[in-house]
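Down below is the structure, laid out as structure tokens.
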Protein chains: 2
Amino acid sequence: MVERRRGGNEQEREETAQLILQAARRLFMAHGYRAVSTRQVAEAVGLTQPALYHHFATKEELYVAVALGEVARLRAGIERIARREGPTRERLHGLARFLLTTVDYDFPLMYHDMGTELGEQSRETLGAAFYGGIIAPLAALFAAGQRAGELRDEAHGGLSPAGGAGLFMAFVAHFLDRPLVGERTARPGGVEASAESLVGLLLEGLGARVDRG
Amino acid sequence: MVERRRGGNEQEREETAQLILQAARRLFMAHGYRAVSTRQVAEAVGLTQPALYHHFATKEELYVAVALGEVARLRAGIERIARREGPTRERLHGLARFLLTTVDYDFPLMYHDMGTELGEQSRETLGAAFYGGIIAPLAALFAAGQRAGELRDEAHGGLSPAGGAGLFMAFVAHFLDRPLVGERTARPGGVEASAESLVGLLLEGLGARVDRG
DNA sequence: GTCTATATCCTGATAGAC
DNA sequence: GTCTATCAGGATATAGAC
């Protein structure tokens, strides 16, 4: 009912906030919470540093907003792909391809920032969003795969569904990583080949095939 | 020939430098390069901050010394275990147990710091030490396992020896990680069970066993 | 809603006495 | 070899004009 009062200003304010979030996302995700100053964010969006504080009360609040938005973005893609029909392997392949394509930043760094650079309340908020938005839908897929007999469960040398989800994300992070030393050239075959390799290694491992009989 | 001149002072100087390195290692490895101030390091060892500069020219030089020492420590353990006789699986198990026991800090954080927080020269120095001291001996073990038919090579859905070494370290980092949310209790079975699970998953993956015909 | 100006604090590093 | 004192710069955040 009150929404129509000065609707234009509200919209502009929202647009500025979105521009700030966009710039902050790029900087925070690339260099980490501590390494990015509020001045850098402001400069990237063409404002002075104090102007940020009209939209976000603290640097930490800005980071939380960025991380929540990023988790929501990943969640949407993950849930869309996880809902598809088909064998577990193909769904994992789709998820790997999506994540390898859409995550263009340092994933372990974001994870570290969420875990150690923020206050307790922010950490709990982001932890819950990360678990509910990313781990939980992946875990549901792993649980379904175990029920279908496509994945080993804990009783047969596998992992719990949430454990499998965590390992899958560790694989994604590893395949996203650019090596510290050696060739920095693009991976041969690009994302598609990486996703194929990722799922193959996750499901079948590195060991030679030997009959267990 | 000149070594005996004021030998006692040299020794004390070395001891102080070692104390600084020890405190710096604990702090840098736990919280990261940026998050630790030189004052914190000095305080931890009972000195004032400027006294550090008598032993290390810059904060970055101190970090490089810490990281080089840590890589050397890991290298010694890795080479000792990798030289043992026995099946690849058992040697990997020994390596996993060693690393899960001896690495009590945030491994991806150290990796990130080495890759992005330092100047080019330091980065190259540490990258070379990391590759030569950790990746290379592991890669030799993977190559031997492939020659023995115990590990799949690149032509059969596996990885290059260095790629296998990198994946192994990613597994170690994952098993070291304390989850952002959920139970923070110790893993059931401790290091031994974790090492067992790590090697099993690395070699056999999460997929159900199916004959490949 | 954004600006200029500034408060307050912390950072890495240096100067010089002892 | 370690201290006190300090510099110069950068950080987050606030005050108040417009």
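The basis for the numbers below is simple: all heavy atoms, side chains too, and nothing from hydrogens, waters or symmetry mates. Naming convention: chains lettered A, B, ... in sequence-line order (proteins, then strands); numbering from 1 in each chain.
Taking atom CD of residue Q49(B) and atom P of nucleotide dC7(D), one finds them 15 Å apart after rounding to whole Å. Atom P of nucleotide dG12(C) and atom CD1 of I20(B) are separated by 14 Å, given to the nearest angstrom. Rounded to an integer number of Å, the gap from L19(B) CG to dT2(D) C1' is 14 Å. Rounded to whole Å, atom P of dA13(D) lies 10 Å from atom CD of E61(A). Rounded to whole Å, atom C1' of dT11(C) lies 11 Å from atom OH of Y33(B). Whole-Å rounding puts the E43(A) CD to dT2(C) P distance at 16 Å. Spacing between atom OH of Y53(A) and atom P of dG16(D) amounts to 18 Å, rounded to whole angstrom units. To the nearest angstrom, P of dT12(D) lies 14 Å from CG of L118(A).
Side-chain polar atoms of S122(B) and E60(B) form a donor-acceptor pair below 3.5 angstrom. For the residue pair R73(B) / T102(B), a side-chain donor-acceptor distance below 3.5 Å is found, with atom types taken as modelled. E117(A) and Y63(A) form no side-chain donor-acceptor contact under 3.5 Å, judged by distance and modelled atom types alone.
If you check every strand for non-hydrogen atoms under 4.0 Å, V41(B) touches nothing.
Close to dT12(D), at under 4.0 Å from its OP1 or OP2, lies a side-chain N or O of T38(A). Residue T16(B) has a polar side-chain atom (N or O) positioned under 4.0 Å from OP1 or OP2 of dT2(D). Residue S37(B) places no side-chain N or O under 4.0 Å from the OP1 or OP2 atom of dC10(C). The side chain of H54(A) contributes no N or O atom lying less than 4.0 Å from OP1 or OP2 of dT2(C).
Residue order along DNA chain C, read from the 5' end via each residue's closest nucleotide, puts H55(A) first among H55(A) and P50(B).
When the shell of 6.0 Å around CD of E192(A) is examined, it contains more than 12 heavy atoms from other residues, nucleotides or ligands. Heavy atoms of other residues, nucleotides or ligands lying less than 6.0 angstrom from CD of E43(B) number 12 at most.
One donor-acceptor pair, N or O on each side, does fall under 3.5 Å between the base of dG12(C) and the side chain of R39(B).
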